[in-house]
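Each remark here refers to the structure printed beneath this line.
Note that this is a predicted model, so its numbers are computed, not measured. All ligand and atom numbering here is 1-based and tracks the order in the structure.
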Amino acid sequence: MRAAVVTAFNQPIEVQERPIPTPGAGQVLVKLESCGLCHTDIHAARGDWPVKPSLPFVPGHEGVGRIEMFGPGVASRRLGERVALAWLGSACGACRYCVSGRETLCESQQNTGFSIDGAFADYAVADARFAVPVPDAVSALDAAPLTCAGVTTYAAVKAARVVPAERVAVFGIGGLGHLAVQYARLVGAEVIAVDVVDEKLRMASELGADHTVNAARHDPVAAIRALGGADVAIVLSVAPAVFAQSFASLNRGGRLVLVSLPADGELTLPVFDTVLKGISVIGSIVGTREDLVEVFRLHALARTTVIAQTRRLEDVEKSMADVLHGTVPARLVFDLRADDARQPAASGLGHAVG
Ligand code: ZN
Ligand code: ZN
């Protein structure tokens with residue numbers, strides 16, 4: 001099978017021929033149809049973070065495919081079932097976080113495409129309990145971005161406990177941001193999209209953002225204040241200036257939700273303002289399996305639109321460069337199906353179903 005393998009940090013990723021892995025106890029073998037490219041894959045491949053994956057490894061944690069084989073002891077799944085392989089590759093199921101519905105905080109978790117091989121390949125093995133079912137009404141090309149970008153922003157909106165008519169500012173419109181705008185709209189918020197690229201702001205408007213602010217031309221804090229201030233600011237950008245801007249744009253009682261992971265990020269908070277204004281600072285990491293089930297269900301109900309371009313796995317290196325250069329409107333998805341099964345690349349804002 002083909003697999004895109006990171007053999008050294010800061011070296012080009014190689015697409016290699018590898019043997020198809022064998023599922024171990026409790027695992028399933030998944031024949032992949034698609035996998036999205038997340039910024040985290042690029043950080044992992046470059047060894048950007050203090051925690052590094054052990055080499056060599058296969059990135060990819062937005063994998064979607066069908067179960068082709070069971071390992072010993074798997075009784076709960078069926079062959080041919082469509083599943084998604086997300087960042088949360090497994091968790092212990094027994095710790096205080098797992099048993100209280102916070103499995104994303106499990107200290108014994110494995111992460112797909114990081115601590116275990118991911119889905120930039122024709123096949124991957126996965127913990128059967130953590131392969132999340134994908135409804136038939138959600139296409140492989142839509143399901144991939146929902147598996148990380150979707151569930152992460154969905155969980156961030158939930159973590160902020162947004163209520164109708166609150167004002168939500170989304171800092172950074174791209175793979176995550178275009179979905180964050182839609183989830184904020186779904187819970188009834190007035191949505192402000194902030195980015196430095198007009199094309200991305202146009203996309204945010206088409207997806208339901210009520211206001212847009214180009215932070216390259218306007219001071220986003222002044223612009224958001226002029227709109228009445230933000231009750232919630234969701235930070236999806238890694239630009240250092242954005243952290244202070246998002247805090248300063250908050251109203252009293254506001255919630256700052258941190259999602260993006262810059263290679264080295266520090267946030268300095270004015271204690272006086274934080275206390276006096278009753279500001280909450282929330283770190284939100286991906287989402288649970290149940291969050292992903294809900295994300296897929298909302299998409300099957302046509303409540304969300306995924307904007308993505310397809311690429312070939314052989315173009316993984318160029319695809320990462322395009323993401324870093326900001327030339328990608330939203331998400332890139334590797335179409336891993338045989339040539340004759342591929343659909344034309346998604347374009348425009350049509351809701352792709354089937
Ligand atoms: Zn991701
Ligand atoms: Zn646990």
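Exactly one of V6, V316, L336, V15 qualifies for a side-chain contact (heavy atoms from CB on, under 4.5 Å) with F120. That residue is V316.
Residue contact annotation: H39 places no N/O/S atom under 2.8 Å from the Zn ion (ligand 1).
Other residues, nucleotides and ligands contribute only 12 or fewer heavy atoms inside 6.0 Å of the CD atom of E199.
Centred on the Zn ion (ligand 2), the angle running from C92 (SG) to C98 (SG) is recorded as 110°, rounding to 10°. With the Zn ion (ligand 1) as the vertex, SG of C38 and NE2 of H61 span 110° to the nearest 10°.
A single hydrophobic cluster is seen to contain both F296 and V293, as judged by linkage of ILVMFWY side chains at heavy-atom distances under 4.5 Å, directly or through other members.
Side-chain atoms of S260 come within 3.5 Å of backbone atoms of S237 as a donor-acceptor pair (strictly under, hydrogens ignored).
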